[in-house]
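Below, read A as the first sequence line, B as the second, and so on, with proteins coming before strands; counting in each chain starts at 1. This one's a predicted model, so the numbers in the text were calculated from it and none came from an experiment.
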Amino acid sequence: TAVRFVNKKCYIRARFVYIYLSFCLTDYFSQGKNDSEDSGLRFATCQLLWKQINSETEKIQEELNKQLFDNLIHFLRQSHSELQTKKTEWMCRMKSSEIPTAALVLGVNVTDHDMTFKSLSEVLQDNVTPYVVSLQAKECPGIKHLLQKLMGQLMDCNVDVDSSEEEECVNISQKKIRCSMASLSKWYESVTKKTDSETPSKKRTSSSRHWQSPPIVVIFKDMESFTTKVLQDFIVISSQHIREFPLVLIFGIATSPMIIHRLLPHSVSSLLCIELFQSLSCKEHLATVIDKLLLTTQFPFKLSEKVLQVLINIFLYHDFSVQNFIKGFQLSIVEHFYSQPLSVLCCQLLEAKKRVNSLSHNQCENIRSLPSFRRYVESQVSEKQIALLTEDSFLKEVTQTLLEDLHIYHENYFTVLRCLHVFTTSLPKYPLGKQIRELHCACLGKSVWETEEYESAIQLLRMLAKDELVAILQKCAEIFISSSGKQFSNTVEKLEEFLARFQNLEAETSEVQDVSVSSQKELQKTTDLYHLQKTLLALKESKRSKKLTKFEMLRFEVVDFIDSLVRSYLAPAEMQTLNEVVYFNTANTLREHLNAAPRIALHTALNNPYCYLKNQTLKSDVGCISNTAPDICIVYKLHLECGRLINLVDWLEAFSTVVTAVEGTDPDAVATDQVDEIIHARFIRAVSELELLGFIKPSKQKTDHVARLTWGGC
Amino acid sequence: MPNFEHPEYPEATLLHLESMVPCRESQVSSLLSIFGEVARSILCIWVDYRCSTKMFVLTNRLKTNLNLPHVFVNCVECFTSRLLLEEILTQLQSLSSEKKHGSHVPCDTFNDFVRLFKQEIITQDLQNQTVYIVLDKAEQLREMEANVLPGFLRLQEMTDRNVTVIFLSEIVWELFRPNTGCLEPFTLYFSDYSIGNLQKILSHYHPPEYSADFYAAYINILLGVFYTVCRDLKELRHLAALNFTKYCEPVVRGEANERDTRRLWKNIESHLKKAMQTVYLREISSSQWERIQKDDGEPGHLKGLSAHAHVELPYYSKFLLIAAYLASYNPARTDKRFFLKHHGKIKKTNFLKKHEKTSNHLLGPKPFPLDRLLAILYSIVDNKVAPTANIFSQITSLVTLQLLTLVGHDDQLDGPKYKCTVSLDFIRAIARFRLKKVYYDTYNTPKIT
């Protein structure tokens with residue numbers, strides 16, 4: 001009970017935070033820190049960065065949806081043409097005219113659907129037809145509302161087509177709109193006739209984009225929530241008019257297309273011609289977003305391992321929503337620029353170097369206090385140390401080079417990461433994870449080569465078959481060539497040399513291959529990791545006794561080369577000097593904001609009011625009940641000690657004992673049974689507050705008792 | 001000679017009529033006998049038809065062929081009484097005048113309707129004829145105001161004009177009969193088409209390129225496959241049209257002639273059976289089916305709607321759904337045993353109560369409170385779950401996805417109750433671990449043979 005109630009409040013607060021963040025950012029920034037720390041500039045940088053990222057995400061979304069939308073448009077075109085020209089007269093007469101229907105399966109991430117539908121109707125309006133209507137279940141509790149909504153939206157789009165004179169006519173018809181299909185088909189007839197006659201004059205441009213008689217597309221955004229009756233009625237009615245105007249339905253489905261059969265009986269579903277369309281899965285969507293936003297040097301801002309883990313966990317455990325992931329990303333950008341004064345340097349490298357020159361003394365001190373910078377200073381010779389700590393100008397110079405180093409580190413990091421990912425995805429059981437994001441997390445947090453998973457991955461790599469290895473090496477070479485960093489020319493050469501040597505091997509004796517092939521076969525037979533390792537060890541020993549073949553030697557060389565690449569380029573970000581400038585690190589704040597725990601917060605507030613009120617007198621041990629605490633806290637703590645039913649009289653007595661002990665009135669007065677009226681009133685008020693919060697409710701089982709509603713630890 | 005005889009209509013009209021409505025001789029002749037007498041009026045006719053034998057087509061054709069003044073209204077389409085009455089009046093206006101659509105007549109109550117109806121009859125000069133009002137899908141009238149159905153039943157009495165109301169419905173009259181003001185209508189039953197009738201009607205519409213015999217043979221095969229599952233004429237005609245090209249294939253290619261029934265049967269039979277499992281159930285759409293035929297591909301690789309039954313859910317949503325399922329189908333009493341580590345010994349004899357011997361599955365899901373759901377969730381998830389806002393919002397989104405339903409009213413904040421609406425198969429698909437350990441019904445499998 002309490003939970004649901006508080007939940008709503010919490011939700012409202014969360015919304016408020018979002019609104020607050022988007023509207024009052026300027027105030028927020030300048031209030032936080034004084035201006036010597038470039039709050040204005042930081043704010044501008046943050047805004048610019050977010051703008052870029054936002055447009056990038058929109059682009060990604062567009063690209064991902066393109067395939068689906070193209071399919072849908074093709075479907076619309078086809079269904080439409082079938083209505084117009086039938087192959088044979090006889091077929092046309094015999095076949096019942098079904099309503100073309102697209103079942104659009106979008107996955108359970110309902111929060112993302114709005115975006116998809118919005119862009120879908122935009123695409124349709126641009127390419128197919130001006131008559132696109134989207135309906136939501138909550139707007140259509142009855143068939144009447146549905147038709148009203150439908151006609152309202154259609155008439156509105158009519159206004160777009162024509163200008164002023166049409167508007168008046170719409171206004172009139174809106175008043176006494178007769179929500180029947182007959183009037184809809186009449187309307188359609190008049191509209192298409194009008195556009196036909198008008199084509200020579202002003203409508204040329206828009207009608208050329210649309211088809212001759214554009215279909216009316218009705219999108220049911222959330223099929224699951226529509227009531228069966230409304231849907232059935234609508235389909236039955238419109239199927240009788242399908243010959244009069246081309247209608248196409250789109251069902252937005254979150255779960256599975258089975259829901260159509262669940263909602264519609266056969267007599268109704270037989271009126272539809274349903275085709276299935278599936279959108280990209282949200283996990284693939286997320287992978288693309290991470291790839292384009294995080295695993296790139298395009299944006300200076302980076303997430304630390306813990307923060308990324310929080311965002312990914314929310315995605316995988318809770319909502320599957322890419323929108324929310326991006327929102328979380330946005331929040332971390334804002335948080336970073338707000339809380340880290342040095343984030344002013346979190347911009348493109350050239351710009352950052354310029355900004356370093358104009359840093360204030362205060363900011364220089366901030367740089368000096370960065371843990372990573374302190375580590376750096378300690379590693380320097382003593383004269384340089386002194387210079388770094390005392391001379392601002394020298395510090396600025398060094399900072400510039402350090403920033404450049406950081407930039408180069410990132411460039412190398414992402415290239416090598418992709419290369420390593422190519423290797424690890426070919427391994428059985430994916431010891432370092434299947435997705436590149438898992439590998440990224442593993443590398444960000446700690447030195448990946450020290451982990452057990454990496455060990456086993458390398459061991460497995462040493463057993464790759466030749467053709468596999470060659471394919472992987474080719475892919476890696478491509479990655480290195482396409483990367484912008486120039487320092488990989490050596491690596492590319494080396495890889496090409498390896499490839500050439502593999503080619504030469506082929507020309508040599510085939511005897512070598514036999515061994516490796518047989519061992520490979522054995523490996524393929526064994527499926528689980530334990531047996532694999534066992535055979536591996538056995539193989540190793542047998543190999544040791546034998547002389548290694550040329551292929552094996554080469555393979556070892558390749559793996560060692562990859563290992564050395566990893567060791568030199570995939571060092572964890574935390575080790576880099578000045579990483580605090582671009583990495584957002586405070587995962588806790590993010591978690592508190594995005595994955596709020598209302599119940600825990602409420603419990604802490606009532607159990608330990610000091611946590612929120614910050615009043616010294618409230619500081620107390622965990623066990624005892626402080627007497628200065630607010631009444632509701634005392635009442636709450638007392639009720640925690642009770643069973644399911646609480647006796648109000650006992651409770652009041654306990655309360656008055658605690659309270660009077662605080663006030664230090666003389667014990668004689670307390671000894672009398674009479675409780676002070678004021679204390680009584682305070683008690684009643686506190687109890688009703690607890691009831692409002694949903695911790696207790698009045699009970700009918702016993703008089704003068706209330707029932708507890710919450711149990712156990714939170 | 002036509003089967004129908006009627007003094008007032010020329011033979012040619014009747015013959016034409018007969019060709020239009022095959023296999024309905026008795027019904028048509030009784031309708032004819034009613035319609036025929038212009039002066040005499042039958043109050044109301046209740047026509048009962050099952051299996052959507054396109055009854056309205058029938059009456060419609062009767063009317064247009066016989067040139068009777070009539071109004072035809074679909075009650076599903078006119079979902080409020082106002083729309084219905086206005087529609088009747090509008091159609092009445094356009095009866096004699098050349099205008100295709102009459103102007104809009106505002107009419108709010110039945111009283112207005114009667115008045116306007118009388119006026120209209122006079123302006124249209126129809127006093128000497130019987131006007132027919134046909135109400136299709138008349139079962140919808142029950143959902144409208146209480147006076148609408150009795151009003152229509154007594155329309156003649158109230159208007160004092162020659163008017164006949166024909167109700168078309170799939171439901172028997174007994175289920176309609178209003179409490180008051182009812183006038184018993186004349187009921188006419190239309191029985192289902194027999195297989196012979198269907199055969200006759202379907203073969204009647206043979207394509208012009210092929211002979212009637214050839215098509216009749218095809219219809220025979222088609223009915224052999226589909227008659228057991230479908231007797232809907234419209235649907236059968238649709239299916240016949242869809243699969244006919246495939247049937248003709250050997251003939252077109254010259255591999256068989258039109259009389260080679262056996263070969264043709266071999267060619268089509270498996271195809272039709274596949275159609276029964278796919279197109280008929282709307283698992284794949286008709287246009288997809290046609291495309292497959294054109295490409296001569298196997299329909300196997302095109303998955304139907306039901307093939308996409310798997311739903312991918314976030315981690316905690318899965319567990320919430322499993323917990324909800326367990327809460328819905330396990331008795332609350334047994335929670336202690338399944339979800340507590342140290343539940344103590346419970347004797348099996350006591351454990352199974354007698355009245356619970358029937359499978360919980362046969363009884364359907366039971367509602368459970370939110371607290372129980374969360375308690376089970378905490379016990380089935382391995383690591384600790386914090387009761388965050390996200391968990392609670394996931395419950396709500398499961399409700400909007402119709403995987404759970406909220407029992408009782410939406411506004412009830414105090415102790416909401418839910419039911420789990422997914423099937424065991426669904427749960428099995430998302431719960432990879434063995435449900436058996438915590439699932440009551442496995443102790444208690446029903447003995448169904």
Part of [X] lying under 4.5 Å from any heavy atom of chain B:
{"X": "A/I274", "value": "both"}
{"X": "A/K138", "value": "neither"}
{"X": "A/I253", "value": "neither"}

Quick one, B/T388 with A/R599, criterion side-chain contact (heavy atoms from CB on, under 4.5 Å). Give me CA distance, side-chain angles, the key distance, then yes/no.
CA-CA 7 Å; B/T388 60; A/R599 210 164 170 169; over 6 Å; no
Side-chain contact, heavy-atom cut-off 4.5 Å: A/K229 with B/E143?
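Yes. Closest side-chain heavy atoms under 4.5 Å.
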Might you work through the side-chain contact (heavy atoms from CB on, under 4.5 Å) test for B/V399 and A/E224, ending with a clear yes or no?
CA-CA 10 Å; B/V399 172; A/E224 280 89 354; over 6 Å; no
Quiz question: by atom type and distance under 3.5 Å, do the side chains of B/Q394 and A/D319 form a donor-acceptor pair?
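Short answer, no.
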May I ask you to check whether B/E235 and A/H266 show a side-chain donor-acceptor distance below 3.5 Å?
no
Chain A contact via B/S317 - side chain, backbone, both or neither, heavy atoms under 4.5 Å:
both
Classify the angle between the aromatic ring planes of A/Y317 and B/Y315 as parallel (below 30°), tilted (30 to 60°) or perpendicular (above 60°).
parallel
Would you compute the distance between atom [atom1] of [X] and atom [atom2] of [Y] and round it to the nearest 0.5 angstrom?
{"X": "B/S397", "Y": "A/F320", "atom1": "OG", "atom2": "CZ", "result": "11.5 Å"}
{"X": "B/Y316", "Y": "A/I314", "atom1": "OH", "atom2": "CD1", "result": "11.5 Å"}
{"X": "B/H238", "Y": "A/E98", "atom1": "NE2", "atom2": "CD", "result": "3.5 Å"}
{"X": "B/E77", "Y": "A/D233", "atom1": "CD", "atom2": "CG", "result": "11.0 Å"}

I'd like to verify something: which residue of A/M258, A/E275, A/H241 has the highest number of heavy-atom pairs under 4.5 Å with chain B?
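Top option by heavy-atom pairs under 4.5 Å: A/E275.
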Between A/C273, A/S269, A/S267, A/P257, which residue shows the highest count of heavy-atom pairs closer than 4.5 Å to chain B?
A/P257
To check you understand the geometry: which heavy-atom pair defines the closest contact between A/L594 and B/N390, and what is its length?
O-ND2, 3.5 Å
For A/I237 versus B/F79, what's the shortest heavy-atom pair and its separation?
CD1-CD2, 4.5 Å
Give the C-alpha distance, both sets of side-chain angles, the deciding distance and a yes or no for side-chain contact (heavy atoms from CB on, under 4.5 Å) between A/V108 and B/E312.
CA-CA 7 Å; A/V108 293; B/E312 214 173 334; 5.9 Å; no
Check step by step if side-chain contact (heavy atoms from CB on, under 4.5 Å) holds for B/L403 and A/T255.
CA-CA 9 Å; B/L403 299 173; A/T255 48; 4.3 Å; yes
